[in-house]
Undergrad: 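This is the structure I have questions about; it appears just below.
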Amino acid sequence: MRRLVRSALGHLPSRLRLPLMRFALKGQTVLEHTADMRRSIALSSTPEVGFGRDLRPHSRDTQLIKDYHRIEKGLAMPAPKRPFGSALEHRIDGLLDPASMDDDLVRNVTSARAALSRWNDEGVVDEEIAPLGPELRALDREAVEAFVFSRHSVRNFDRSRPVPHEILDHAAELAMTSPSVCNRRAGRIHLYCEDELVEHILRLQRGNMGFGQTVGQLAVVTVNSTLFAGAGERNQKWIDGALVAMSFVWALHAHGVGACMLNWSKSNAMSARLREVADIPVREDIICVIALGYPAAGYRVARSPRRPTAETIRHHD
Ligand SMILES: Cc1cc2nc3c(=O)[nH]c(=O)nc-3n(C[C@H](O)[C@H](O)[C@H](O)COP(=O)(O)O)c2cc1C
C-alpha cells in the first residue's frame, strides 16, 4: 500500500507532490498514534477505582501487586504509620483468589498482608517484607570508570564463539533487578540463537545493515503491557522496559559480552509481524532488539561523542 502511494505521488509535479507527501506522513503519524491508543486501552488494567471479583484477572493481579508493594514500602519508611493500610487490607481481602492466581503472587500478597496485620497489632516490622538494607560501599572509582567507559555499541561480532546460555541467563537475571513502577516487573527478555530466526528478526529491524551478518545471537526486550493501569501509567511501560534493556546490556558487558541496541521505531503492523515471527505474546510491547556476542578480534567502535556535561547536568542548588 505504502509503495503504491509512493509511486502514485512520484508521478505528480513537485508543487503537488511535496504537500501531499507531507499530508500522507502526518496522516500516517495520526493513524499510528490512534493504533497505539487503542492497543493501550485494550491491554491496560482497570485503574484502582473499580475493584472486586468482577475485575479481569490481569487487572486484579496488577492491583494486588500494587497493593502488596504499598505494604512493603510502608514498612520500609523511616517511621511507618501505625496503624495504616485499612483500605489495602479490605481490597486485598476482596481480590485475593488463590485458586485462580499464580502461586508466587499469592505468596507475596499473603505474606505482605500478614506483615501489615503484625505491624498494626504488635508494632513489629516483618524482617522478610522490609529487611534491613545492605551496607552501601563505594567501589574503586578507577574500576568503575574502566567498566563504564569501556562499554560501546559493538557492531562486529565473532560468530564462531557463541555466548553460552548460562551467561545469557545470568545477565537476564541481573537485568530483572531493574527498578520498576510499584514493582510491576513488566520487562521480558526473549533470546534467539537460531540462525534463520536471528536473520529474520534482523531483516525486519533493518538498522543493522553492514554488520547484521556478524550477529549470531539476539535479544528482544519487551514489556507485558497488561501490568500497567489507567491513564497516569500510559507511558510507564516504555520506561520500565528501557531500564531492563539497559541493565541487560550492562550485565552482558560485565560478562565481557558486546551488545548493540537496535531500535524498534516501527509501525504497529511491523510490531505484530515481529511478535508473530519471534513468538512474542500479543500482550507484550516491543522496547528494542539487542544484537549481542563476543566482539570480533580487532573490532572498531563508533566514536559517538557525548554532549558536554555542562549541557546535560544542571544542579538546582
Ligand atoms: C534504543 C536504541 C536504539 C538503537 N538503534 C540502533 C540501530 O538500529 N542501529 C545501530 O547501529 N545502533 C543503534 N543504537 C546504538 C546507538 O547508535 C549508540 O548507543 C549511540 O551512538 C551511543 O554509542 P555507544 O552505545 O557506543 O555508547 C541504538 C541505541 C539505542 C539506545
Side-chain angles (χ1 to χ4, degrees), residues 2-3 6 24-26 28-37 39-40 43 151-157 159 163 168 171-172 175 178 180 186-193 197-225 228 234-253 257-293 295 299-307 312:
R2 264 229 228 114
R3 234 177 269 154
R6 222 180 284 149
L25 288 173
K26 281 252 166 72
Q28 195 191 2
T29 308
V30 170
L31 288 177
E32 289 299 332
H33 276 298
T34 309
D36 288 345
M37 186 176 72
R39 191 176 151 75
S40 182
L43 289 178
R151 189 212 57 80
H152 301 277
S153 290
V154 173
R155 297 183 180 87
N156 185 5
F157 297 96
R159 282 185 75 159
V163 181
L168 296 178
S178 304
S180 67
R188 303 286 182 267
I189 299 176
H190 298 261
L191 294 159
Y192 305 90
C193 302
L197 196 47
V198 167
E199 275 166 36
H200 201 153
I201 295 171
L202 288 172
R203 262 203 313 278
L204 294 177
Q205 193 271 333
R206 296 176 74 87
N208 56 86
M209 280 182 192
F211 71 96
Q213 71 282 4
T214 75
V215 180
Q217 290 169 288
L218 277 183
V220 177
V221 179
T222 65
V223 276
N224 175 355
S225 298
F228 300 91
R234 71 194 179 283
N235 293 320
Q236 196 60 48
K237 59 186 169 188
W238 307 117
I239 296 162
D240 286 19
L243 289 171
V244 167
M246 188 68 249
S247 300
F248 184 53
V249 168
W250 281 124
L252 291 171
H253 184 55
V257 175
C260 184
M261 291 202 190
L262 299 172
N263 77 82
W264 192 252
S265 310
K266 302 287 185 198
S267 64
N268 282 277
M270 282 297 284
S271 295
R273 182 92 190 93
L274 178 60
R275 275 188 214 102
E276 192 186 312
V277 166
D279 190 23
I280 293 171
V282 173
R283 64 176 176 269
E284 293 181 25
D285 273 301
I286 295 147
I287 301 297
C288 66
V289 178
I290 300 177
L292 61 95
Y299 78 106
R300 290 183 183 275
V301 298
R303 181 181 58 171
S304 296
R306 280 8 190 193
R307 290 180 194 279
T312 55

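The chain is numbered in sequence order, starting from 1.
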Undergrad: From Asn263 CG over to Cys288 SG, what is the distance, rounded to the nearest 0.5 angstrom?
TA: 9.0 Å
Undergrad: Just by modelled atom types, is the Phe228 backbone N or O under 3.5 Å from a matching donor or acceptor in the Gln236 side chain?
TA: no
Undergrad: When you measure from the side chain of Thr214 to the backbone of Phe157, do you find a donor-acceptor pair of N or O atoms at a distance under 3.5 Å?
TA: yes
Undergrad: Can you measure from NE2 (His33) to CD (Gln28) and round to the nearest 0.5 angstrom?
TA: 11.0 Å
Undergrad: Before you tell me yes or no, could you show the steps for Ile290 and Leu262 under side-chain contact (heavy atoms from CB on, under 4.5 Å), namely the whole-Å CA-CA distance, both residues' side-chain angles and the distance that decides it to 0.1 Å?
TA: CA-CA 6 Å; Ile290 300 177; Leu262 299 172; over 6 Å; no
Undergrad: If you look only at pairs with a residue in residues 267-277, which of them pass as a salt bridge (charged side-chain N to carboxylate O under 4.0 Å, His left out), with sequence neighbours excluded?
TA: Arg273-Glu276, Arg275-Asp285
Undergrad: Let me confirm one number: the CD1-CD1 distance from Ile287 to Ile189, rounded to the nearest 0.5 Å.
TA: 11.0 Å
Undergrad: Heavy atoms only: give me the nearest Leu252-Ala259 pair and the separation to one decimal.
TA: CD1-CB, 4.1 Å
Undergrad: Does Tyr192 reach the main-chain N or O of Ala278 with its side chain, forming a donor-acceptor pair under 3.5 Å?
TA: yes
Undergrad: Is the shortest heavy-atom distance from the side chain of Val221 to the side chain of Arg188 under 4.5 Å?
TA: no
Undergrad: Any side-chain heavy atom of Leu168 sitting closer than 4.5 Å to one from Gln217?
TA: yes
Undergrad: Rounded to the nearest 0.5 Å, what separates atom CH2 in Trp264 from atom CZ in Arg206?
TA: 10.5 Å
Undergrad: Output, in order, the C-alpha distance, side-chain angles, deciding distance and verdict of side-chain contact (heavy atoms from CB on, under 4.5 Å) for Arg283 and Ser225.
TA: CA-CA 6 Å; Arg283 64 176 176 269; Ser225 298; 5.9 Å; no
Undergrad: Who are the side-chain hydrogen bond (donor to acceptor under 3.5 Å, both in side chains) partners of Glu284, not counting sequence neighbours?
TA: His190, Thr222
Undergrad: Just by modelled atom types, is the Ala186 backbone N or O under 3.5 Å from a matching donor or acceptor in the Asn224 side chain?
TA: no
Undergrad: Please report the shortest heavy-atom distance between Val154 and Cys260, naming the atom on each side.
TA: O-CB, 3.2 Å
Undergrad: Please round to the nearest 0.5 Å and tell me the distance separating atom NE2 of His200 and atom CG of Leu197.
TA: 8.5 Å
Undergrad: If I compare all heavy atoms of Asn268 with all of Ala35, which pair ends up nearest, and what's the gap?
TA: ND2-CB, 3.4 Å
Undergrad: Met246 vs Met261, test: side-chain contact (heavy atoms from CB on, under 4.5 Å). Steps then yes/no.
TA: CA-CA 9 Å; Met246 188 68 249; Met261 291 202 190; 4.1 Å; yes
Undergrad: Any side-chain to backbone donor/acceptor pair from Lys266 onto Gln205? Under 3.5 Å, distance only.
TA: yes
Undergrad: Nearest heavy-atom pair of Phe211 and Arg155: which atoms, and what distance?
TA: CB-O, 2.9 Å
Undergrad: Check for a donor-acceptor pair, side chain of Arg203 on one end and backbone N or O of Val198 on the other, with a separation under 3.5 Å.
TA: no
Undergrad: Would you name the heavy atoms of Ala172 and Phe248 that are closest together and state the gap between them?
TA: N-CE1, 3.6 Å
Undergrad: So do Leu218 and Leu191 actually touch side chain to side chain, heavy atoms under 4.5 Å?
TA: no
Undergrad: Which atom names give the shortest non-hydrogen contact between Arg159 and Gly216, and what distance separates them?
TA: NE-CA, 3.7 Å
Undergrad: OG/Ser271 to CD1/Ile286 distance, rounded to the nearest 0.5 angstrom?
TA: 4.5 Å
